[in-house]
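Can you keep this structure in mind? I'll have questions shortly.
Order of the sequence lines sets the chain letters (A, B, ...), proteins ahead of strands, with each chain counted from 1.
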There are 2 protein chains.
Amino acid sequence: MQQAANTARATRNPDQTRQRILEAAFMEIYRNGFQGMRLDEVLAATHLTKGALYHHFPNKQALGYAVVDEVILPMVQAVWILPLRGAADPLQALIDVIEQMPDTKPPEMIQYGCPLNNLAQEMSPLDEGFRQRLDHAFGEWHGATRQALQQAQQQGLIRTDCDCEEIATFVMAALEGCIGLAKSAQSKDRLKVCNRGLIQFLRSLKTH
Amino acid sequence: MQQAANTARATRNPDQTRQRILEAAFMEIYRNGFQGMRLDEVLAATHLTKGALYHHFPNKQALGYAVVDEVILPMVQAVWILPLRGAADPLQALIDVIEQMPDTKPPEMIQYGCPLNNLAQEMSPLDEGFRQRLDHAFGEWHGATRQALQQAQQQGLIRTDCDCEEIATFVMAALEGCIGLAKSAQSKDRLKVCNRGLIQFLRSLKTH
DNA sequence: TATTCTACAGACCAGACAGTATGTAGGCAA
DNA sequence: TTGCCTACATACTGTCTGGTCTGTAGAATA
């Protein structure tokens, strides 16, 4: 039995359909994790059906991979990488991004944490495909942070004995830790307190 | 139909049976997350059956709660809290615990991360019962860390302008972040690099 | 206009999985 | 010894879920 389904179907737009699926899948993964994501929920959110989903993606895993590549990775670039580009004072730019985070992205960030880290923590030990994609995103982020630190170092803003590579790694880890702890407490205050510790660390790198 | 099951069944020991279930459930949760844990796998690991499990626990959720209270919480105390008790130099004791971590607890810690944080990240937004129990564990840990810092402060080992409460929170967050990043990379080296950053921060608190 | 292909719709299926219902053997009390 | 309760074993069920299969309307093509 076949009816006209949802009365008015706009002219075909497969790219947009695919994008809608990706975004709905992202939200489901963000809220429930990849294993917790139900394809039926994604379809309900998009008002699509199995046919559409399996036309665009061969299976659940491929959908998950696409969410990482096409949603999460660009998100990381927008939030953590672009704001550092071409900053006059790279160290201050980094501090600013961290300081403003609690207020620029609530309340989802507090409630559900960091999409990148969530998925990395869940899937890294279970699926090498996920791990590599997520680790690649961390790599991009790390590169941008390291570059900002190195520029600050060249400008004489931070001490010359700082290992920017190492510090960039630690900054990423600390940031994810702060977000994670705030999520555990479901408290924006916790995030602010935690971030203050990180900022204190960054300031301790400054040449006095 | 009833047979003697596994030939020799030791005399009844319900407490031990319960403990075996708890430990197997912990391992399953540790590896796959709570949502990913399959009761059948727990039973296979313990060579028990549904009857035993549902005799000791009313449902999967209750089993999860018990794992937090009776396995994970004691584990946190053993790893992060007891080593700080009664240390002559509390700051150094803290640094030691962090520094030795990569070598005292591999390779599971690298592969699967921190049981406490894993579960907190997965379940905090989804189940308030989990969240409260896990947040309580973080609270215990935080208290011990703060106390160590305050003692160090009273001993004149770290600066008086340090907010020990705040720093303890950040130290926990940074540690979980380091472990998480190492897990994402599946690399012990990453953990060492990351921890070095944290230790650098702790040393920066010292009175010079 | 006829044909073909794309982009879906919707019914269906098989396996997995939490939970239940029932039965029973061992130990303890009386 | 009898009766009872605890500590399990085992078969079973309902539901959820990823995935498949078939069908079809619109657009492109010839």
Tabulate protein N/O versus nucleotide N/O from nucleotides 28-30 of chain D, keeping only pairs under 3.5 Å, one per line.
none

Collect all protein-nucleotide pairs involving nucleotides 2-6 of chain C in which both atoms are nitrogen or oxygen and the distance is under 3.5 Å.
residue, atom, partner, partner atom, Å
dT6(C), O2, Arg12(A), NH1, 2.4
dT6(C), O2, Arg12(A), NH2, 2.7

Original post:
Which heavy atom of Pro83(A) sits nearest a heavy atom of Ala93(A), and at what distance?
Top reply: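 Closest approach of Pro83(A) to Ala93(A): O-CB, 4.3 Å.
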**OP:** Please lay out, stage by stage, how Gln147(B) and Leu84(B) fare under the test side-chain contact (heavy atoms from CB on, under 4.5 Å).
**Re:** CA-CA 9 Å; Gln147(B) 227 175 12; Leu84(B) 300 181; over 6 Å; no
**OP:** Please report, rounded to the nearest Å, how far the P atom of dC16(D) is from the CG atom of Asn32(A).
**Re:**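 Roughly 16 Å, once rounded to whole Å.
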Original post:
Roughly, in whole Å, what's the span from CZ in Phe57(A) to C1' in dT20(D)?
Top reply: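 Computing the Phe57(A):CZ to dT20(D):C1' distance gives 18 Å.
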Original post:
For the residue pair Phe170(B) and Phe170(A), does the interplanar ring angle fall in the parallel (under 30°), tilted (30 to 60°) or perpendicular (over 60°) class?
Top reply: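 Correct class here is perpendicular.
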Original post:
Atom CD of Gln16(A) to atom C1' of dC8(C): distance rounded to whole Å?
Top reply: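 Rounding to the nearest Å, CD of Gln16(A) and C1' of dC8(C) are 14 Å apart.
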Original post:
With distance as the sole criterion, is a donor-acceptor pair present between the side chains of Gln150(A) and Gln154(A) under 3.5 Å?
Top reply: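 Not at all, the side chains of Gln150(A) and Gln154(A) share no donor-acceptor pair under 3.5 Å.
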Original post:
With under 30° as parallel and over 60° as perpendicular, where do the rings of Phe201(B) and Phe201(A) fit, or are they tilted in between?
Top reply: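 Phe201(B) vs Phe201(A) ring planes: perpendicular.
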Original post:
Rounded to the nearest 0.5 Å, how far apart are CG of Leu134(B) and CG of Leu73(B)?
Top reply: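 Separation between the atoms: 9.5 Å.
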Original post:
In terms of side-chain heavy atoms, does Gln121(A) have a donor or acceptor partner in Asn117(A) at a distance below 3.5 Å?
Top reply: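 The criterion, which ignores hydrogens and geometry beyond distance, is satisfied for Asn117(A) and Gln121(A).
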Original post:
Can Leu48(B) and Leu53(B) be said to form a side-chain contact (heavy atoms from CB on, under 4.5 Å), step by step?
Top reply: CA-CA 8 Å; Leu48(B) 289 168; Leu53(B) 198 158; over 6 Å; no
**OP:** Return no unless some side-chain N or O of His56(B) is found under 4.0 Å from OP1 or OP2 of dC8(D).
**Re:**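 For dC8(D), OP1 or OP2 has a side-chain N or O of His56(B) closer than 4.0 Å.
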Original post:
Picking from Glu23(B), Glu70(B), His55(B), what satisfies side-chain hydrogen bond (donor to acceptor under 3.5 Å, both in side chains) with Arg18(B)?
Top reply: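 The side-chain hydrogen bond (donor to acceptor under 3.5 Å, both in side chains) with Arg18(B) is passed solely by Glu70(B) among Glu23(B), Glu70(B), His55(B).
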Original post:
If we ignore angles and hydrogens, is there a donor and acceptor under 3.5 Å between the side chains of Gln92(A) and Asp96(A)?
Top reply: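 A donor-acceptor contact under 3.5 Å links the two side chains.
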**OP:** Scan nucleotides 16-22 of chain C nucleotide by nucleotide, 5' to 3', and note B when protein non-hydrogen atoms come under 4.0 Å of the base, S if they reach only the sugar-phosphate, - if neither.
**Re:** -SBBB--
Original post:
Whole Å only: how far is the CG atom of Leu43(B) from the P atom of dA9(D)?
Top reply: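 Roughly 9 Å, once rounded to whole Å.
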Original post:
Over how many whole Å does the gap from Leu53(A) atom CG to dT17(D) atom P extend?
Top reply: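 Going from CG in Leu53(A) over to P in dT17(D) covers 15 Å.
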**OP:** Determine: side-chain N/O of Thr17(B) to OP1/OP2 of dA7(D), distance under 4.0 Å, yes or no.
**Re:**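 No, outside the criterion.
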Subject >> Value rounded to 0.5 Å, distance of SG in Cys114(B) from CD in Glu176(B) >> reply: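 Those atoms lie 4.0 Å apart.
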